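Only one structure is covered here, and it is reproduced in the block below.
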Amino acid sequence: MSNQLSDRINRLVPSATLEMAAKARELRAAGKDVIGLSLGEPDFNTPEYIKEAAKQAIEDNYNSYTPVDGYIELKDAIITKYKRDNGLTYDRSQIVVSTGAKQSLYNVAQVCLNQGDEVILLCPYWVSYSDIVKLSGGVPVEVPTSLETDFKMTPDQLEAAITPKTKMLWYSSPCNPSGSIYSTKELRAIADVLQKHPQILVVSDEIYEHINYGVTEHASMAAFEDMYDRTITVNGVAKAFAMTGWRIGYIGAPSYIARACNKLQGQVTSGANCIAQRAVITALLESPNRIHHMVDEFKNRRKLILGLLNEIDGFECNEPEGAFYVFPDISSFFGKELNGVKINNASDFAMYLLENANVATVTGDAFGNPNGIRISYAASEEQIKEALSRIKQAV
Ligand SMILES: *Cc1c(COP(=O)(O)O)cnc(C)c1O
């Protein structure tokens, strides 16, 4: 037998965003000038005051194993942050620090899902949700949304998707990839549906909380008293603090879930990196105003890219309210030929852009929406201008 791997890993689909980034790197190595708009990664450096805290931690010999669920000082900083920014009250037993929000999500899936449990995902959803759920024995149930509803799920859609096997609902707001933000009122309507189904837990992924362009205020599901005991609030520092490589994420959750995640980490990772944890204490305790220059910059780029996309026939966009992606509907190209290449679906289109415009984007299929592509605008204005001019030329 040539393949001695487990069924589990053979079934797992590689991350489409990371794969696209790898393809772009390959083409670059072959001498092509590829502009990468596929990865969700700020092009800023980690702020100086956070880097200083990390240097100090090295000097202070923070080199031992940390508590599995995170340094107490970091948990207290997270508690302060949740109170200050979200009006949420957690105690130390409800906080778990992990190696990135991605691991936080994986932990939660591992400790909450049994074989065959259904997890409702709002499409388009963040690329890894469905595979993390499947890897944990769960069954993703995709609720489609479209440009017309700003990619938001209606309460009726939720009601229709619920079955006796529904165990969880996962969503991100601000949403990666659509940039949509659920208002307090919209979340309340979803909570009202969930009231009739007390077995359903909610994962609220709030990692783009601070990257908000001021139209809809950030709201947390756990802030509703009747949802607090059923909601896992996931967050992290990767996006807002330009700390993708530092790998720190965290949850606030009912303590029985936090304890279970702690137990899992104790057998799997022994906890997150010591220096990164010390740096994140500073990141969270300092005022969020200190990162606003990055948010302002993303806002300028959003305006730039929406303007340029509007000049290209066949791209239909919503106006993202947060995060740093646009998710244009490009289904008008399906069935057509571009420079002799037949475009059957969003994957063909993304591949066409990579090969004919040297611009890396990601197919909407990876996010559970077959009509779109995701374009990241966490890139310089020159890069955005050049990329969009190449795309215009190519289509
Ligand atoms: C980037 C991202 C994550 C993962 O964050 P890390 O802390 O880098 O693991 C989780 N959810 C969403 C919606 C993201 O965009």
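This is a predicted model, so every value here is computed, not measured. All residue numbers refer to positions in the sequence shown, counting from 1. Both counts, for ligands and for their atoms, begin at 1 and track the order of listing.
Short contacts between ligand 1 and Y208, defined as distances under 4.0 Å to a heavy atom of the residue, involve ligand atoms 13 (C), 14 (C), 15 (O). Interface atoms of ligand 1 facing K239, defined by a heavy-atom separation under 4.0 Å, are 1 (C), 2 (C), 3 (C), 14 (C), 15 (O). In the vicinity of K102, heavy-atom distances shorter than 4.0 Å reach the ligand 1 atoms 4 (C), 6 (P), 9 (O). Heavy-atom proximity to A238, at under 4.0 Å, picks out these atoms of ligand 1: 7 (O), 8 (O). If you number the atoms of ligand 1 from 1 as listed, the ones under 4.0 Å from a heavy atom of N176 come out as 13 (C), 14 (C), 15 (O). Near R247, meaning under 4.0 Å from any of its heavy atoms, are these atoms of ligand 1: 6 (P), 7 (O), 8 (O), 9 (O).
Under the 3.5 Å distance criterion, the side-chain polar atoms of D91 are matched with a main-chain donor or acceptor of S93.
Relative orientation of the Y125 and Y129 rings is parallel, given thresholds of 30° and 60° on the angle between their planes. Taking the six-membered ring where the residue is Trp, Y377 and Y213 present tilted rings, their angle falling between 30° and 60°.
Nearest protein neighbour of atom 5 (O) of ligand 1, counting heavy atoms only, is I207 CD1, 3.3 Å. With hydrogens left out, the protein atom closest to atom 4 (C) of ligand 1 is W126 CH2, 3.6 Å, a heavy atom.
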Given F298 and Y208, is the ring-ring contact (aromatic ring centres under 6.0 Å, His included) satisfied, shown in steps? CA-CA 12 Å; F298 288 135; Y208 292 99; 9.4 Å; no

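With contacts defined as side-chain heavy-atom distances shorter than 4.5 Å, the pair I248/T99 does not qualify. A heavy-atom distance below 4.5 Å is not found between the side chains of T80 and L284.
Note that R374 lies outside the cation-pi zone of F367, set by a 6.0 Å cut-off to the ring centre and a 45° limit from the axis. Annotation: cation-pi pair R302/F324 absent, no NZ/CZ under 6.0 Å from the ring centroid and within 45° of its normal.
Considering backbone and side-chain N/O atoms, D205 comes within less than 3.5 Å of an N/O atom of ligand 1.
In this comparison of G40, A101, G236, the heavy atom closest to atom 7 (O) of ligand 1 sits on A101.
Residue T244 places every heavy atom at 4.0 Å or more from ligand 1.
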